[in-house]
Visitor: 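Structure incoming, see below.
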Amino acid sequence: VYRSESAPPSPLNRCAAEDNKLGGGGGGGVGAGAGAGGVRGSSKTFARRNIKNQVRKFKMETKAAKTIGIIVGCFVVCWLPFFSIYISRVFCADCVPSLLFSIFFWLGYCNSAINPFIYALFARDFRNAFKKILCRIFCKRIS
């Protein structure tokens with residue numbers, strides 16, 4: 001059942017190995033009768049707990065992927081206009097007004113201002129730290 005001495009088995013193989021070791025493997029080993037019901041119950045409990053952990057992990061990974069997608073999307077929306085104009089300015093310097101160039105340039109820098117708010121929306125730990133920092137800044141001024 002084990003792959004090697006150093007590598008731990010996967011949860012499914014570990015569950016099967018424990019079941020076989022304790023006599024619940026269906027092969028007619030010691031305890032493969034009336035006593036095997038308790039062992040199978042613990043295997044089912046382990047499997048249920050494992051499934052719950054996998055679901056929780058999947059939800060966390062989905063949330064992280066969503067957050068990264070939003071951050072990358074905001075980055076593209078903020079910086080793409082600037083780089084598009086910057087490249088077009090190489091071919092035609094008079095085609096892009098300097099005011100438009102400045103607006104798109106600062107829109108790119110606004111991306112850095114947006115990131116803390118995105119993290120605050122999606123990460124509870126970041127949100128709590130953000131609240132502490134804001135409270136320290138604004139609560140001192142009020143007092």
Side-chain angles (χ1 to χ4, degrees), residues 1-27 29-32 35-143:
V1 175
Y2 289 98
R3 286 181 227 135
S4 69
E5 289 296 321
S6 62
S10 70
L12 295 176
N13 289 342
R14 191 179 323 129
C15 185
E18 288 173 3
D19 203 18
N20 285 333
K21 204 182 303 179
L22 295 172
V30 178
V39 173
R40 288 206 183 272
S42 66
S43 294
K44 288 180 183 177
T45 304
F46 176 76
R48 258 189 249 122
R49 200 176 319 134
N50 191 24
I51 290 171
K52 285 181 183 179
N53 287 338
Q54 288 177 351
V55 168
R56 187 179 311 124
K57 185 178 178 183
F58 179 74
K59 285 181 181 180
M60 288 173 48
E61 289 175 355
T62 304
K63 189 174 179 181
K66 182 179 175 183
T67 304
I68 295 294
I70 290 171
I71 289 170
V72 170
C74 286
F75 179 84
V76 168
V77 166
C78 289
W79 281 107
L80 187 65
F82 169 73
F83 284 109
S84 299
I85 284 184
Y86 199 72
I87 291 171
S88 68
R89 204 173 196 189
V90 170
F91 299 110
C92 179
D94 298 333
C95 297
V96 179
S98 60
L99 178 64
L100 186 65
F101 184 81
S102 295
I103 289 171
F104 286 156
F105 181 76
W106 282 101
L107 179 66
Y109 280 118
C110 286
N111 178 61
S112 297
I114 293 171
N115 282 340
F117 295 106
I118 294 171
Y119 284 118
L121 283 174
F122 291 102
R124 184 179 302 143
D125 293 338
F126 189 86
R127 190 179 320 132
N128 291 337
F130 199 57
K131 285 178 185 177
K132 282 182 182 178
I133 291 171
L134 289 178
C135 185
R136 286 182 186 162
I137 291 171
F138 292 114
C139 292
K140 286 182 179 179
R141 290 183 183 173
I142 294 172
S143 301

Visitor: Below 3.5 Å, can you tabulate the donor-acceptor pairs from side chains in residues 99-118 to any protein atom, sequence neighbours excluded?
Guide:
from, atom 1, to, atom 2, distance (Å)
Ser102, OG, Ser98, O, 3.1

Visitor: Show your working on side-chain contact (heavy atoms from CB on, under 4.5 Å) between Tyr86 and Val96 and close with a plain yes or no.
Guide: CA-CA 9 Å; Tyr86 199 72; Val96 179; over 6 Å; no

Visitor: Which heavy atom in Ala120 sits nearest to a heavy atom in Phe126, and how many Å separate them?
Guide: N-CD2, 3.5 Å

Visitor: To the closest 0.5 Å, what do you measure between CG (Asn128) and NZ (Lys132)?
Guide: 7.5 Å

Visitor: Sequence neighbours left out, cut at 3.5 Å: what donor-acceptor pairs do the side chains of residues 57-70 make with other protein atoms?
Guide:
from, atom 1, to, atom 2, distance (Å)
Thr62, OG1, Phe58, O, 2.7
Lys63, NZ, Phe122, O, 3.3
Thr67, OG1, Lys63, O, 2.9

